[in-house]
**Student:** 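I have a structure I would like to understand better, so I am pasting it below and will then ask my questions one at a time.
Because the structure is predicted, anything quoted here is derived from the model rather than measured. Atoms within a ligand are numbered from 1 in the order they appear, just like the ligands themselves.
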Amino acid sequence: MDLASFLRDVPDFPKPGILFKDITPMLASAEAMHAAVDQLAAFDFGKIDRVGAIESRGFLFGVPLAMKLGVGFVPVRKPGKLPWKTNRVEYVLEYGTDAVEIHQDGVHAGERVLLVDDLMATGGTMGAACQLVEACGGTVAGCACVVELKFLNGRARLGSHRFESLIAID
Ligand code: AMP
């Protein structure tokens with residue numbers, strides 16, 4: 001199945017100059033979603049204890065992936081959304097900073113966590129999610145996205161963590 005055909009390019013969203021990769025056509029197809037989750041599950045990252053995913057489109061792939069792998073799920077969210085005690089990591093954007101949070105008990109010491117998002121652009125969000133897992137005492141088993149904007153070289157912000165994508169856009 002050509003998963004890339006289930007992406008819709010939306011120019012100038014959410015602001016001028018951004019070519020937004022809209023995944024709603026993929027969400028609309030049960031076959032495409034099954035294929036995407038199956039392909040994410042097929043990457044061999046070794047033993048996985050938990051899947052973590054990044055608000056909000058990452059959840060759409062992370063929860064079914066966790067269920068397929070037979071492990072629990074932990075959400076990574078923007079500040080102020082999680083109700084319990086959190087760890088926070090700030091990261092640098094082109095202009096300014098952003099932050100993500102995780103529940104302090106969302107990852108237990110020694111757990112191997114697979115991090116998932118719909119898309120990696122600059123890698124800032126995924127890199128911060130890796131730091132959150134490590135702040136909880138967990139280990140990043142690997143990182144995976146449905147779409148990778150390769151020309152932004154987001155992998156450089158993931159250190160030595162392994163990264164895989166289903167659709168790499170040059
Ligand atoms: P980054 O931290 O730069 O890697 O940005 C990744 C996050 O921003 C992901 O959660 C994506 O959902 C979102 N994102 C960034 N750029 C795009 C884009 N061109 N199309 C769709 N989503 C994007």
Side-chain angles (χ1 to χ4, degrees), residues 2-29 32-33 35-37 39-41 43 45 50-66 73-82 86-103 106-107 113-136 140-170:
D2 177 18
L3 282 180
S5 68
F6 291 89
L7 298 176
R8 173 166 53 195
D9 284 353
V10 183
D12 299 320
F13 183 88
K15 50 187 178 184
I18 302 289
L19 183 62
F20 192 84
K21 297 289 177 180
D22 176 20
I23 56 158
T24 59
M26 193 176 293
L27 296 172
S29 164
M33 286 302 289
V37 172
Q39 288 180 33
L40 288 168
F43 291 123
F45 289 106
R50 201 175 290 268
V51 171
I54 300 159
E55 177 177 358
S56 60
R57 289 180 295 276
F59 297 172
L60 302 169
F61 297 94
V63 170
L65 177 61
F73 175 82
V74 58
V76 174
R77 299 206 65 180
K78 298 287 184 186
K81 302 280 189 181
L82 289 167
T86 56
N87 288 329
R88 175 190 291 214
V89 168
E90 292 191 359
Y91 57 100
V92 178
L93 300 173
E94 195 177 356
Y95 299 104
T97 60
D98 212 339
V100 283
E101 295 182 343
I102 197 169
H103 275 158
V107 173
V113 180
L114 172 58
L115 287 168
V116 179
D117 203 355
D118 68 322
L119 180 144
M120 185 168 77
T122 66
T125 313
M126 188 60 93
C130 290
Q131 290 181 50
L132 283 178
V133 167
E134 289 165 346
C136 294
V140 177
C143 310
C145 286
V146 178
V147 186
E148 173 187 8
L149 303 184
K150 266 190 126 170
F151 55 92
L152 293 174
N153 196 27
R155 288 173 188 249
R157 291 175 80 166
L158 304 183
S160 59
H161 297 308
R162 186 174 149 206
F163 174 82
E164 300 286 353
S165 63
L166 304 184
I167 304 164
I169 296 171
D170 290 315

**Student:** Once side-chain contact (heavy atoms from CB on, under 4.5 Å) is applied, do any residues pair with D118, and if so which ones, sequence neighbours excluded?
**Tutor:**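 By the side-chain contact (heavy atoms from CB on, under 4.5 Å) rule, D118 matches I23, R57, F61.
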**Student:** Could you list all the side-chain hydrogen bond (donor to acceptor under 3.5 Å, both in side chains) pairs where at least one residue sits in residues 120-134, not counting sequence neighbours?
**Tutor:**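 Qualifying pairs, neighbours excluded: Y91-T125, E134-H161.
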**Student:** Give a yes or no answer on whether the side chain of D22 reaches the backbone of D9 with a donor-acceptor pair at less than 3.5 Å.
**Tutor:**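 Between the backbone of D9 and the side chain of D22 there is no qualifying donor-acceptor contact (under 3.5 Å).
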**Student:** Identify whether the distance between the nearest side-chain nitrogen and carboxylate oxygen of R77 and E101 falls below 4.0 Å.
**Tutor:**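 Salt bridge flag = no for E101 with R77.
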**Student:** What does the 4.0 Å heavy-atom contact list look like for ligand 1?
**Tutor:** L19, F20, K21, R57, D117, D118, L119, M120, A121, T122, G123, G124, T125, L149
**Student:** Looking at T24, is its backbone amide N or carbonyl O close enough to the side chain of R8 to form a donor-acceptor pair, meaning the two atoms are under 3.5 Å apart?
**Tutor:**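 Looks like no, no N/O pair under 3.5 Å.
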**Student:** By side chain to side chain donor-acceptor pair (under 3.5 Å), which residues pair with R157, not counting sequence neighbours?
**Tutor:** none
